[in-house]
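Presented below is the structure to which this report refers.
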Amino acid sequence: MSVDLFAGISVHDYPAALEWYEKLFGCPPAFSPNDVESVWEVAEHRYVYVEHRPEHAGHALITLFVADFETRIAGIAARGLRPATEETYANGVRKTTYADADGNEIGFGGAPLPGPG
């Protein structure tokens with residue numbers, strides 16, 4: 001079975017959100033279907049979109065589990081964004097979460113670091 005995913009994030013200030021999400025994802029949107037919505041392809045057939053919907057802004061909770069966790073987090077820091085939280089769970093899984101101006105939370109998860117030997 002093939003699955004395409006579109007995860008949406010509602011925002012108050014669309015132009016400011018575009019700038020912030022470009023820093024978060026490290027690139028401009030893959031496409032903008034209209035003047036109040038932009039879409040980033042985060043993996044093949046998997047998309048995150050930002051839409052000007054002020055009445056719903058601030059309620060998104062999205063986590064992307066990535067193989068390049070350290071590189072991704074370093075790139076986001078280099079583009080000037082700081083995490084809201086950083087966690088390591090008992091099983092070693094790591095999660096770094098960023099919050100946009102509306103309070104939407106976008107997290108990146110990474111596998112545990114390899115142990116010694």
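Side-chain atoms are counted along with the backbone in the values below, which use heavy atoms only and exclude waters and symmetry mates.
Judged by distance alone, with hydrogens and angles left aside, the side-chain atoms of R72 form no donor-acceptor pair with the main-chain N or O of V66 at under 3.5 Å. Judged purely by atom type and a 3.5 angstrom limit, D100 uses its side chain to pair as donor or acceptor with the backbone of N104. In this structure a side-chain-to-backbone donor-acceptor pair under 3.5 Å is missing from D102 to A57.
Between S38 and L18, some side-chain heavy-atom pair lies under the 4.5 Å cut-off. The shortest distance between side-chain heavy atoms of T96 and F69 falls below 4.5 Å. Contact check for I76 versus L24: side-chain heavy atoms found under the 4.5 Å cut-off. A heavy-atom distance below 4.5 Å is found between the side chains of I62 and I9.
The shortest heavy-atom contact between F65 and G110 is CZ-C, 3.5 Å.
Judged purely by distance below 3.5 Å, without hydrogens or angles, the side chains of T85 and Y98 never pair a donor atom with an acceptor atom.
Among residues two or more places apart in sequence or in another chain, the side chain to side chain donor-acceptor pair (under 3.5 Å) test is passed with D4 by H45. With sequence neighbours left out, the ring pair (Phe, Tyr, Trp, His ring centres under 6.0 Å) criterion links W40 to F25. Scored by the side chain to side chain donor-acceptor pair (under 3.5 Å) test, E70 finds R94 as partners (sequence neighbours excluded).
Clustering ILVMFWY residues whenever any of their side-chain heavy atoms sit less than 4.5 angstrom apart, transitively, puts W20 in the very cluster that holds F108. By the criterion of side-chain heavy atoms lying less than 4.5 angstrom apart, applied directly or through intervening Ile, Leu, Val, Met, Phe, Trp or Tyr residues, Y49 is not grouped with L64; the two fall into different hydrophobic clusters.
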